[in-house]
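Labels below follow one simple rule: chain letters A, B, ... track the order of the sequence lines, proteins then strands, and each chain is numbered from 1.
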Amino acid sequence: MAGHLAALGGEHVPRPLPPPGVGFQREGSRGLDDPGESDLAVAQSRPPADQSPLNPCRTANLATVRLVGRAPALVKPIAALRRAPGPGARPGLETPTGSARVPRMSLVTRYAPSPTGPLHIGGARTALYCWALARRHAGRFLLRFEDTDRARSTRESELAVLEALEWLGIEHDEVPGFAGIPRQSERAARYAGIVGELLERGRAYRCTATPEELEGMREAARAEGRKRVYDGRNRDAGIPADVGAPFCVRLRVPDSGPETRWTDLIAGASGEAPEDIDDFVIARTDGSAVYHLAVVVDDHDMGVTHVVRGREHLSSTPRQLLLYQALGWEPPAFAHVPLLVGASGKKLSKREGDVSVQAYRDRGFPAEAMVNYLARLGWSHGDLEIFERRTLVELFSLEGVGRAPAQVDEAKLAWVSQQHLKRMPAEELAAAVQPFLDAEAGEPVAIGERLRAGLDLLRERSETLADMARQARFLYVDELEYEPKAARKFLKPPAAPLLRDAGAALGGLDSWDRAAIEAALGGVVDAHQVKLGKLAQPLRVAVTGRGASPGIYETLEALGRDRTLARIEAAAARAETVPSD
RNA sequence: GGUCCCAUCGUCUAGGGGUCUAGGAUACCAGGUUCUCACCCUGGAGACACGGGUUCAAAUCCCGUUGGGAUCACCA
């Protein structure tokens, strides 16, 4: 957090890059097939010993140890990867021979949001993929704010985005040559210089066409069925800077040429015929640069090698390619991630409810679960369903990303969340529930040994941290409130003697542990000649106030002797006074 | 409308000509376990959008149709 925020302030905060290969799987380090205590890599439904290529638990190790590509036997022929025929072989990330176009060690990705609101989960997923790709290849993951929309961009949103990424554990690296996180709004001079250069070299020209003229051209183009709208009237007019009329700057787009086609790392062969592309504006009348120019210049200046971004940018990529060409720069590799859609099947929007990362955090989904779910939404690796960040970094590959849009399914998110809750280390779990506990209690709650034990019992019964905090109420509130329905059903006169005897048996215990409690209650059950349920249910309501809870023995153990006895007494008294119906 | 893209159970996905009467996960249903709830276990139902090709053989390749989406700005 500190790093992020300081960086935002524009100060240079050194964050040394790890040496190549450091940070993940290294030679000699523990392999994935060693079931470590914190490793969540679980291939559902496959025996652990299975060595099929689908089981990451063994084979993936080969690929990561030396940070080279997958073992040759496991990698599909590059050509077959994405139905990407024709020229421009897929820029291989995983070629075993090491002949990848981009040297692996220098792989650089970036996430470049417009700070116009909170980070939504679609953006978070894109950032996650960028981050995972960079980490997987020991490269760097950079951040940049595209805040040229001055009206809608706010510092507050920048903060919100940073906070969301921070929470998700998506850490960005320092951008070489920049102080803090680059903002487009601060780079106007650089863009202007580039525009000037393009003008000088004849790759761009000034155009004085008015909005009205443009409107006319649009109509004409439509009427004639022409693809290009701009008729090129000022293309060769050689309009000087001192025309005395307002002008914008347009790029001279070639009539033909291959530079508008590329092999997208996710979408496959992509592109558009150059003759369909207008001489588009690169600098507005007020001299400011247009978005496409800014991205290209920024990505180049930041040394970005792999542009991983949302699918909505796919159709503007040809124009950016044209810019790279005009500038004489080598374009990066592109990977366009399919959109995330809501339950309606439409693009994610406010209509679907609050889909911001913050909203999910506030609802109690652990960050690890969000990362897991989001990563798995559109990306897959065999049957792997539950995994942690570390595993994602070891296994992530653009080849595993699908091409179809994905829909958010809260039911599955809930399941993923529960799986993480079940396996989270105690320390982590305590830290994660703390805010929910406090909120539920209305005051700070201290997590002692007892409460921690109680939390443990609730892991497999909770889908979210909020859920867990709610169920744990009986462990930390002084005044127990009964669920009306449960109390009506179980706290009745016939239960009173059972409760009193249980209280007496429990009160006479020397040690307060599960075994002793079980023995004591067993005695009561035997004495009354009833089944355990007859005692367990009233007891459960007595101590938890609810009809459902973890097993009764461990519940009492976690609650502690004093509270247990007091609550049994209170419940027995209540049971006696309630008229039998 | 132009251009481009996408299409396997409700959802996320595996699949890349034969190994597919299509696998896994989730959700759903039934049963088991059981002091409740959950977890867990077992079983069930559930998909190649449609139509043509190519081929001895198509979920897989080609064309078309349908449906969905993105994008077409001196927005980002």
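Spacing of P atoms, B:U65 relative to B:C4, comes out at 13 Å, to the nearest Å. For the P atoms, the distance from B:G43 to B:C6 is 38 Å, rounded to whole Å. The separation of B:A45 from B:A57, taken at their P atoms, amounts to 31 Å, rounded to a whole angstrom. Using C1' as the reference atom, B:C9 and B:G15 are 15 Å apart when rounded to the nearest Å. A gap of 48 Å separates the C1' atoms of B:C39 and B:G51, to the nearest Å. For the P atoms, the distance linking B:A58 with B:G16 amounts to 15 Å, nearest Å. Only the C1' atoms considered, B:G67 is 10 Å distant from B:C50, to the nearest whole Å. Nucleotides B:G24 and B:G64, compared at atom C1', are 34 Å apart to the nearest Å.
Proximity of A:K422 to the phosphate of B:C40: a side-chain N or O atom is located under 4.0 Å from OP1 or OP2. Between B:A14 and A:S380, a contact under 4.0 Å exists linking OP1 or OP2 to a side-chain N or O.
Closest approach to the A:A411 side chain among B:U36, B:A27, B:G10 is made by B:A27 (side chain taken as heavy atoms from C-beta onward). Which of B:A25, B:C35, B:C6 sits closest to the side chain of A:K412 comes down to B:A25.
A:R403 contributes no side-chain N or O that forms a donor-acceptor pair with the base of B:C6 under 3.5 Å. Below the 3.5 angstrom threshold, one finds no donor paired with an acceptor across the side chain of A:R461 and the base of B:C39.
Side-chain contact between A:F247 and A:C207: absent, with no pair of heavy atoms (C-beta onward) separated by less than 4.5 Å. Looking at heavy atoms from C-beta onward, A:R206 lies out of side-chain contact with A:V243 at the 4.5 angstrom threshold.
Counting to the nearest Å, the P atom of B:C12 and the CD atom of A:Q407 are 5 Å from each other. Rounded to an integer number of Å, the gap from A:W379 CH2 to B:G15 P is 13 Å. Distance A:E399 CD to B:G15 P: 11 Å, rounded to the nearest Å. Summarising the geometry, the separation between CD1 on A:I121 and C1' on B:C12 is reported as 13 Å, rounded to the nearest angstrom. Residue A:F334 contributes atom CZ, which lies 16 Å from atom C1' of B:C4 at whole-angstrom precision. The distance between atom CZ of A:F474 and atom C1' of B:C37, rounded to the nearest whole Å, is 12 Å. Across the protein-nucleic acid pair, A:L458 atom CG and B:A38 atom P stand 14 Å apart, rounded to whole Å. Spacing between atom CD1 of A:I552 and atom C1' of B:A38 amounts to 15 Å, rounded to whole angstrom units.
Qualifying side chain to side chain contact (heavy atoms under 4.5 Å, CB included) partners for A:P274, counting only residues two or more places apart in sequence or in other chains: A:T260.
Residue A:H336 forms a side chain to side chain donor-acceptor pair (under 3.5 Å) with just one option from A:R309, A:E312, A:R311, and that option is A:R309.
Atom CD of A:E156 has 12 or fewer neighbouring heavy atoms from other residues, nucleotides or ligands inside a 6.0 Å radius. At most 12 non-hydrogen atoms from other residues, nucleotides or ligands lie less than 6.0 angstrom from CZ of A:R152. For A:R222, the CZ atom sits in a loose shell: 12 or fewer heavy atoms of surrounding residues, nucleotides or ligands are nearer than 6.0 Å.
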Evaluation steps, side-chain contact (heavy atoms from CB on, under 4.5 Å), between A:S462 and A:Q471:
CA-CA 8 Å; A:S462 311; A:Q471 293 192 68; 3.5 Å; yes
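Looking at heavy-atom distances under 4.0 Å, A:L377 makes contact with sugar-phosphate atoms alone, never a base. As judged by a 4.0 angstrom heavy-atom cut-off over every strand, A:P338 is placed among residues making no nucleic acid contact. A:G310 comes within 4.0 angstrom of no nucleic acid atom, judged by non-hydrogen atoms across all strands.
Shown here, B:G16 forms no base pair; nothing in the strands shown gives a Watson-Crick or G-U wobble contact with both key distances under 3.5 Å. Shown here, B:A7 forms a base pair with B:U66; the pair counts as Watson-Crick or G-U wobble because both key distances fall under 3.5 Å. Of all nucleotides present, only B:U71 satisfies the Watson-Crick or G-U wobble test against B:G2, with each distance under 3.5 Å. In this entry B:U36 has no Watson-Crick or G-U wobble partner, no candidate having both defining distances under 3.5 Å. Pairing partner, B:C61: B:G53, with both Watson-Crick or wobble hydrogen-bond distances short of 3.5 Å.
Within the structure, salt bridge (charged side-chain N to carboxylate O under 4.0 Å, His left out) contacts touching residues 409-421 of chain A (residues at least two apart or in different chains) are A:R363-A:E410, A:E385-A:K412.
Note: A:Y129 and A:F396 have tilted aromatic rings, judged against thresholds of 30 and 60 degrees for the angle between ring planes.
Each of A:V408 and A:R222 lies near RNA chain B, and the nucleotide nearest A:R222 is the one positioned closer to the 5' end.
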Sugar-phosphate means primed atoms, P, OP1 and OP2; the rest is base. With that split, encode nucleotides 70-76 of chain B 5' to 3' as B, S or - using protein heavy atoms under 4.0 Å.
SS-SBSB
